[in-house]
Amino acid sequence: MGAFKDAHGGGALRDLYLDAAGAEAAKAEARDLRSWDLTERQVCDVEMLLNGAFSPLQGFLNQGDYERVVKEMRLESGVVWPMPITLDVSAPFGEATQVGETLALRDREGVLLALLTVESKWQPDKEAEAGGVFGKADEAHPTVRYLYRQAGPVYLGGTLRGVEAPMHYDFKHLRDTPKELRARFQKLGWRRVIAFQTRNPMHRAHQELTYRAAKAAEANLLIHPVVGMTKPGDIDHYTRVRCYEKLVKAYPEQTTQLSLLPLAMRMGGPREAVWHGIIRKNYGCTHIIVGRDHAGPGNDSRGQPFFGPYEAQELFKKYEDEIEISMVPFHQLVYSQDRAQYVQTDEVSQGETVLNLSGTELRRRLAEGLDIPEWFSFPEVVAELRKTHPPRHSQGFTVFFTGLSGSGKSTIANALMVKLMELGGRPVTLLDGDLVRKNLSSELGFSKEHRNLNIERIGYVASEITKNRGIALCAPIAPYAATRAKVREAIERYGGFIEVHVATPVEVCEQRDRKGLYAKARAGIIKEFTGISDPYEAPENPEIRIDTGELSPDLAAHRVLVKLEAMGFIR
Ligand code: PPS
C-alpha cells in the first residue's frame with residue numbers, strides 16, 4: 001500500500017492495495033469483523049478508490065470532507081473534489097457500527113474486497129446533497145432518485161485497505177488500472193494523451209470529433225468508455241464495447257487505445273465533467289474532451305434540462321489549472337451534406353444542408369429494421385447494434401391480459417396462442433392465472449400482498465421469455481395498477497408489452513359465473529373476491545380494451561393480432 005509518485009508526470013497516485021502478506025493478514029483479521037455487503041454502485045466506487053482512480057481519496061469521505069464537497073466542491077484540505085463518494089448503509093447496520101470499528105467490505109458473492117476503518121458516521125441531509133451536487137432535489141434526476149430511494153440513511157466514512165480487486169469476467173484485455181495505463185503510455189512514448197469519456201455507442205461524428213481533438217492537442221487518444229454504471233436505459237456495455245472494438249480500427253494505426261472504466265457515473269453534468277478530468281489525470285492523461293452536455297442527466301420533472309449545454313465546459317475552465325488536466329472543448333458535430341464532411345454546429349454557414357440523427361431516431365430505425373446511413377455510422381458498428389437491438393418482428397413480447405374472474409381472459413389468451421402458433425417463428429408460453437397459481441404460486445392466497453407477489457412472479461417469468469425473444473401470454477386478474485406498471489417496466493427493457501384489458505362488466509361475469517365463485521363470494525364463503533369484496537383498478541391506458549359482451553373470443557384474439565401487427569411485432 002501507499003502513495004507512489006507518478007512516473008509519467010502529473011499528481012501522486014494513491015494505490016490502496018495491501019501487498020500479498022498484508023492481504024493474507026487482512027483476510028484473517030476479517031474473520032472476526034462485521035461485514036457490509038457492497039451494493040453494485042459501491043463495488044464500482046471501491047474499485048476506483050483502491051486502484052487510485054479516485055486519488056487523492058484514501059477511502060469513503062468523512063463527514064467534514066463530505067459537507068465541504070457538497071457545498072464547495074473541495075475536500076477539507078482545500079483540494080478540488082466534486083463528487084461525494086460515500087458509503088451509505090441501512091439504519092440497523094449504521095446503528096450497530098461504532099466509530100473506530102473496522103468493517104469487512106464484501107462483494108455480492110461474499111469476497112472480501114477491502115477493510116474499512118470507520119472514522120465517522122452521520123445521517124446526511126439528502127436534500128442538501130441533491131441540491132448542492134445536482135442543482136436541484138428533483139427525482140427526475142437518476143442519481144437524486146437513487147439517493148432518495150435506494151441509498152441508505154446512514155453514511156460511514158473512513159480509510160480503506162485493499163485486499164482484492166472486484167472480479168470482472170468480461171473484456172479482461174481491455175481493463176487497466178491507472179498504474180497499468182500510465183505504464184503503457186510511458187512504454188509507447190505517449191507524452192500527451194487526450195481522453196474521451198463516453199457512455200454511448202460511438203458513431204462517425206464521435207470518431208471525427210475525437211480524431212480532430214487529438215490532432216488539435218497534438219496528442220494520442222484514449223477512448224475511455226464507462227462500463228460501471230451509466231444512466232438507466234443506456235445500451236448495455238457488452239454491446240457498446242463490441243462497437244468500440246470495431247470503431248478503433250477507423251483511427252490511424254498506433255494513435256489510439258481503448259480501455260474500459262469501471263466507474264459508476266452520477267450524471268452530474270458540470271461537476272461530473274471536473275470529476276472525469278481528475279479521474280483521467282489519475283489514469284495518466286494530459287487532456288480530456290468535454291463536449292456538449294457532458295454527463296447530462298436529461299430533463300427535470302418540468303421538462304427543462306438540468307444543465308445548460310455548455311455549462312460543463314464553463315465549470316471545467318474554472319478548475320482546469322488546479323486539477324492539472326487540460327480541457328479540449330468541443331461543440332456538437334453535424335454532417336454537412338454540401339461539404340460531405342462533419343462540421344461543428346458553430347461553423348455551419350447559412351443555408352448549408354446539415355444532417356443529424358438523434359438517439360431516438362437511431363433506436364426507431366433499429367426497431368423497425370430501417371436503413372442507417374453510412375454518413376452516420378460504420379457498417380460494422382451498426383451490425384453490432386442490430387445484433388442486440390433486432391427489429392421488432394424478431395424481438396420478444398408479452399401480451400398481458402387483465403380483468404375480472406370470468407371476464408374471458410383465458411379463453412381469448414388460448415385463442416391468441418393458437419393463432420400465434422399457426423403463424424410460427426417464435427415459441428409461445430401461456431401463463432394463465434389458474435396454471436400459475438398451481439405451478440408457481442401454490443402457497444399464495446388472495447390478499448393484496450399475495451396477489452402482488454403472484455403478479456411479480458408472472459412478470460419475472462414473462463420478462464425472461466421476452467428477453468429470450470419468445471412470446472409470453474399472461475392472463476391473471478392483476479387487480480393493482482402499480483404492480484402492472486412495474487411488470488410493464490421490467491418487460492419493456494427487453495421487448496414489447498401489450499396490456500389487454502378484458503373489460504367485461506362485473507354483472508356479466510357474475511351472470512355467467514362458470515365456476516360458481518361469484519355465488520360463493522356473495523354468500524361470503526369466498527372472501528376478498530375481486531369485483532365483489534375486493535378492488536379491481538381498471539387500466540387507464542391499455543393498448544387494447546375488449547368487452548367480451550360485444551366481441552367473440554375469436555374476434556377478440558384477432559384484434560390483438562392486428563394490434564401486434566400494427567406495432568411491428570408480427571408481420
Ligand atoms: S390475482 O389477483 O391476479 O393474483 O388472481 P389470479 O392469480 O389471476 O387468480 C384468479 C383465479 O383464482 C380464483 N379465485 C379468486 N379470484 C379472485 N378473488 C378471489 N378471492 C379468488 N379466489 C379464487 C378465480 O377462479 C380466478 O380465476 P379466473 O381465471 O380469473 O376466473
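Just follow the structure's listing: the first ligand is 1, and inside any ligand the first atom is 1. The figures here come from the full heavy-atom set of this structure, side chains too, leaving out hydrogens, waters and symmetry mates.
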*Enumerate the atoms of ligand 1 whose separation from the nearest heavy atom of K527 is less than 4.0 angstrom.*
20 (N)
*Record the part of L517 in heavy-atom contact with ligand 1 below 4.0 Å; permitted values are side chain, backbone, both and neither.*
side chain
*Quick one: look at V436 and ligand 1, take heavy-atom pairs under 4.0 Å, and tell me if it's side chain, backbone, both or neither.*
neither
*Under 4.0 Å from a heavy atom of I455: give me the atoms of ligand 1 that qualify, with their elements.*
3 (O)
*Is R493 salt-bridged to D236, going by a charged N under 4.0 Å from an acidic O?*
no
_Using a 6.0 Å distance limit plus a 45 degree cone around the ring axis, check whether K409 lies over the aromatic ring of F401._
no
_Below the 3.5 angstrom mark, is there an N/O of A478, backbone or side chain, next to an N/O of ligand 1?_
yes
*For atom 27 (O) of ligand 1, which protein heavy atom lies nearest, and how many Å away is it?*
K515 NZ, 3.2 Å
*Look at atom 8 (O) of ligand 1 and say which protein heavy atom is nearest, naming residue and atom and giving the distance to 0.1 Å.*
I477 N, 2.9 Å
_Presence of salt bridge, R175 and D170, under 4.0 angstrom_ = yes
*Report the part of R437 in contact with ligand 1, treating N, CA, C, O as backbone and CB onward as side chain, heavy atoms under 4.0 Å; options are side chain, backbone, both, neither.*
side chain
*Answer yes or no: is there an ion pair linking E361 with R364, defined by an N-O contact shorter than 4.0 Å?*
yes
*Out of F378, Y244, F376, which residue meets the ring pair (Phe, Tyr, Trp, His ring centres under 6.0 Å) rule with H203?*
F376
*Looking only at protein heavy atoms, identify the closest one to atom 31 (O) of ligand 1 and say how far it is in Å.*
S405 OG, 2.7 Å
*Using the six-membered ring of F307, assess whether NZ or CZ of R271 lies under 6.0 Å from its centre and within 45 degrees of the ring axis.*
no
*asked:* Does the Lys NZ or Arg CZ of R437 fall within the cation-pi geometry relative to F446 - under 6.0 Å from the ring centre and within 45° of the axis?
replied: yes
*ligand 1-proximal atoms of S441, by part, heavy-atom distance under 4.0 Å*: neither
*Please verify whether a non-hydrogen atom of H450 lies at under 4.0 Å from ligand 1.*
no
*When you measure from atom 2 (O) of ligand 1 to every protein heavy atom, which one gives the shortest distance, and what is it?*
R451 NH1, 2.8 Å
*Atoms of ligand 1 less than 4.0 Å from T530 heavy atoms?*
17 (C), 18 (N)
*asked:* I'd like to check T143 versus P297 (side-chain heavy atoms, cut-off strictly below 4.5 Å). Are they in contact?
replied: no
*Check the pair R522 / E510 against salt bridge (charged side-chain N to carboxylate O under 4.0 Å, His left out), numbers first and verdict last.*
CA-CA 10 Å; R522 287 285 180 204; E510 185 165 7; 2.7 Å; yes
*Does anything in residues 551-563 pair up under side-chain hydrogen bond (donor to acceptor under 3.5 Å, both in side chains), and if so which pairs, sequence neighbours excluded?*
K419-D554
_Geometric cation-pi criterion K126 and Y148, 6.0 Å radius, 45° cone_ = no
*Closer than 4.0 angstrom: is that true for some heavy atom of D534 and an atom of ligand 1?*
no
*To which protein heavy atom is atom 20 (N) of ligand 1 closest, and what is the distance rounded to 0.1 Å?*
E528 O, 2.7 Å
*Residue, atom name and distance, where the atom is the protein heavy atom closest to atom 11 (C) of ligand 1*: D434 OD1, 3.8 Å
*Of F446, Y480, F401, which has the heavy atom at the shortest distance from atom 15 (C) of ligand 1?*
F446
*asked:* Within the 4.0 Å heavy-atom shell around G406, which atoms of ligand 1 are there?
replied: 31 (O)
*Would you mind listing which atoms of ligand 1 come within a distance below 4.0 Å of any non-hydrogen atom of K409?*
30 (O)
*State whether D234 and R240 are salt-bridged, where the test is any N-O pair (Lys NZ or Arg NE/NH1/NH2 against Asp/Glu carboxylate O) under 4.0 Å.*
no
